[in-house]
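Letters A, B, ... are given to chains in the order of the sequence lines, protein chains preceding strands, and every chain is numbered from 1. Atoms considered below: every heavy atom in the structure, side chains included; atoms not considered: hydrogens, waters and symmetry mates.
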Protein chains: 2
Amino acid sequence: MSRMTVERRKAPRQAEAERNDRALLEAARAVLATDGAHASVAAIAKRAGVGIGSLYRRYPTKEALFQRLLDLALDQYLAAAEAALADPDPWNGLAGYVTTVIEFAGSLSPLAGMLPLTEEIRAKDRRAGEAVAAVVARAHDAGVLRPDATRLDVELLIEQLGRSPLVEQLAKRGRGDLDAAAGSARARIIAIALDGLRAAGHPPLPGDPPGYELFAERWEPAS
Amino acid sequence: MSRMTVERRKAPRQAEAERNDRALLEAARAVLATDGAHASVAAIAKRAGVGIGSLYRRYPTKEALFQRLLDLALDQYLAAAEAALADPDPWNGLAGYVTTVIEFAGSLSPLAGMLPLTEEIRAKDRRAGEAVAAVVARAHDAGVLRPDATRLDVELLIEQLGRSPLVEQLAKRGRGDLDAAAGSARARIIAIALDGLRAAGHPPLPGDPPGYELFAERWEPAS
DNA sequence: CAATGAACGGAGTAAATCGATCCGTTTCGA
DNA sequence: TCGAAACGGATCGATTTACTCCGTTCATTG
């Protein structure tokens, strides 16, 4: 009992380490969104305002960093779905879920198939998937979501809207001045898609509903 | 006048060259769609079933190949818009235009900002843009397109739907067996978006209509 | 205040990739 | 049989990448 690990106040050096860790994860997401699968560790470190050495002290490998990012993102997925269920209005809940998840879904899709999936990640994915299913089911029962759109249709729509060539390319160049306009334009696209998702006597959707293989297979690290 | 260039039947070697040229352009589009801006000449040549040497005999540089691809694509844009205007039904015309253009729009967006734009390309872009404006205006006048959606909203929607993470990633791996399912899933997403575009008492779109800078700036080869 | 060690930043390294060239081979027509 | 034209791909220099190594900075401790 001699080791009094009293954490009265965090050592300033440790606090800096924590800030750096958060900055790295945020930077990884941002760079992944603009550079896609070719995001380089150098770009991530630079964006985080951190030396490459510090990145590798925290994560043994680039892959480990991305795995941690994916893990945390799945937590956000789940939280968003639970927040949607907490909304008393089934449609507002669904619409809020979609718009929330779109924000960070785009950063993740480039990772599909590049990472070994830990069992923890698979478990979190299953839990999040069930929560989303509940959100969609409630909207269906309330008659506010078009009946021929399945949960996977909704998830594919989210993934489709997650990446935005417009915003990404403008970000890759300097043009931060156009960010507001680009974001606004993107919001309009999302609004249009959501209007198409709402129950409103639309003609039936073509083809068969998508199967889950389309999701699952893509994330398996075949290579 | 001694050079009798009678083209009775094409020399078989020349015919092969023409086939190769078409194969190269098609391959360039496909590789650009799956690999994005990092599409390599080696990948394009391989996909076309052609040696790298043959590629460089026809195009002095990678850039020239992409410029030619862009040039031809603009012809297709224009043709699609004219076909839309030829359709007696304003909505079917617009919807057909959107679904047609989506097919190859995705291959082009990665080129934004990577190419010097020839004056010919700029001219073709202007002509195609006017044709699209006519298609949209006719749909507006007929009251079948939601009034708050502008021509640029429509074009941005096309660009957004042009790239499909699902289809691209499945293509990058072997999984050609899932192509049909992926294409069908994608068609449903497009149908949903089109339903959101149709006039049907939707709530008004948020923010201001997008301005043209969002398009123009992005294609300028700043670097 | 000197010494310790944890956290830092970034130059350096070996490997991989890319655009482009060069050249030996194949194919067709005269 | 010979020459020209089109072919495929090994090869090259330049660039990029993930990762290592090391000298520096800074709060704590005796």
*Asks:* Give me the distances for all protein-to-nucleotides 17-19 of chain C N/O pairs that come in under 3.5 Å?
*Replies:*
from	atom 1	to	atom 2	distance (Å)
C/dG19	OP1	B/Ala39	O	3.4
C/dG19	OP1	B/Lys62	NZ	2.3
C/dG19	OP2	B/Val41	N	2.9

*Asks:* So, is A/Asn20 near the phosphate of C/dA7, with a side-chain N or O under 4.0 Å from OP1 or OP2?
*Replies:* no
*Asks:* Whole angstrom is fine here: how far is it from CZ in A/Arg19 over to C1' in C/dC8?
*Replies:* 13 Å
*Asks:* Take atom CD of B/Glu63 and atom C1' of C/dA20, then tell me their distance rounded to the nearest Å.
*Replies:* 14 Å
*Asks:* Would you confirm whether A/Arg186, through its side chain, and A/Leu161, through its main-chain N or O, come within 3.5 Å as a donor-acceptor pair?
*Replies:* yes
*Asks:* Considering just the side-chain nitrogens and oxygens of A/Ser54, establish if one lies under 4.0 Å of OP1 or OP2 belonging to C/dG9.
*Replies:* yes
*Asks:* With a 3.5 Å distance limit and no angle check, can you tell me whether B/Arg188 reaches the backbone of A/Pro206 through a side-chain donor-acceptor pair?
*Replies:* yes
*Asks:* Under 3.5 Å, side chain of B/Arg47 to main-chain N/O of B/Ala43, donor-acceptor pair present?
*Replies:* no
*Asks:* For A/Ile44 and D/dC19, give me the distance from atom CD1 to atom P, rounded to whole Å.
*Replies:* 11 Å
*Asks:* Kindly compute the distance separating CG (B/Asp71) from OG1 (B/Thr118), expressed to the nearest 0.5 Å.
*Replies:* 6.5 Å
*Asks:* Is the gap between the ring centers of B/Tyr77 and B/Phe104 under 6.0 Å?
*Replies:* yes
*Asks:* Could you state the CG-P distance from B/Asp21 to D/dA5, rounded to the nearest angstrom?
*Replies:* 19 Å
*Asks:* State, yes or no, whether a side-chain contact exists between B/Glu168 and B/Lys172 at a heavy-atom distance under 4.5 Å.
*Replies:* no
*Asks:* To the nearest angstrom, how far is B/Glu18 atom CD from D/dC7 atom P?
*Replies:* 11 Å
*Asks:* So does A/Val50 get a backbone contact from the side chain of A/Ser54, meaning a donor-acceptor N/O pair under 3.5 Å?
*Replies:* no
*Asks:* Between B/Arg58 and D/dC7, is there a contact of a side-chain N or O with OP1 or OP2 at under 4.0 Å?
*Replies:* yes
*Asks:* 5'-most contact on DNA chain C: B/Pro60 or A/Arg57, nearest heavy atom basis?
*Replies:* A/Arg57
*Asks:* Once you round it to whole Å, what is the distance between C1' of C/dT21 and CG of B/Leu55?
*Replies:* 13 Å
*Asks:* Just the rounded figure in Å: distance from P of D/dC19 to CZ of A/Phe66.
*Replies:* 10 Å
*Asks:* Tell me the interatomic distance from B/Ile52, atom CD1, to C/dG24, atom P, rounded to whole angstroms.
*Replies:* 18 Å
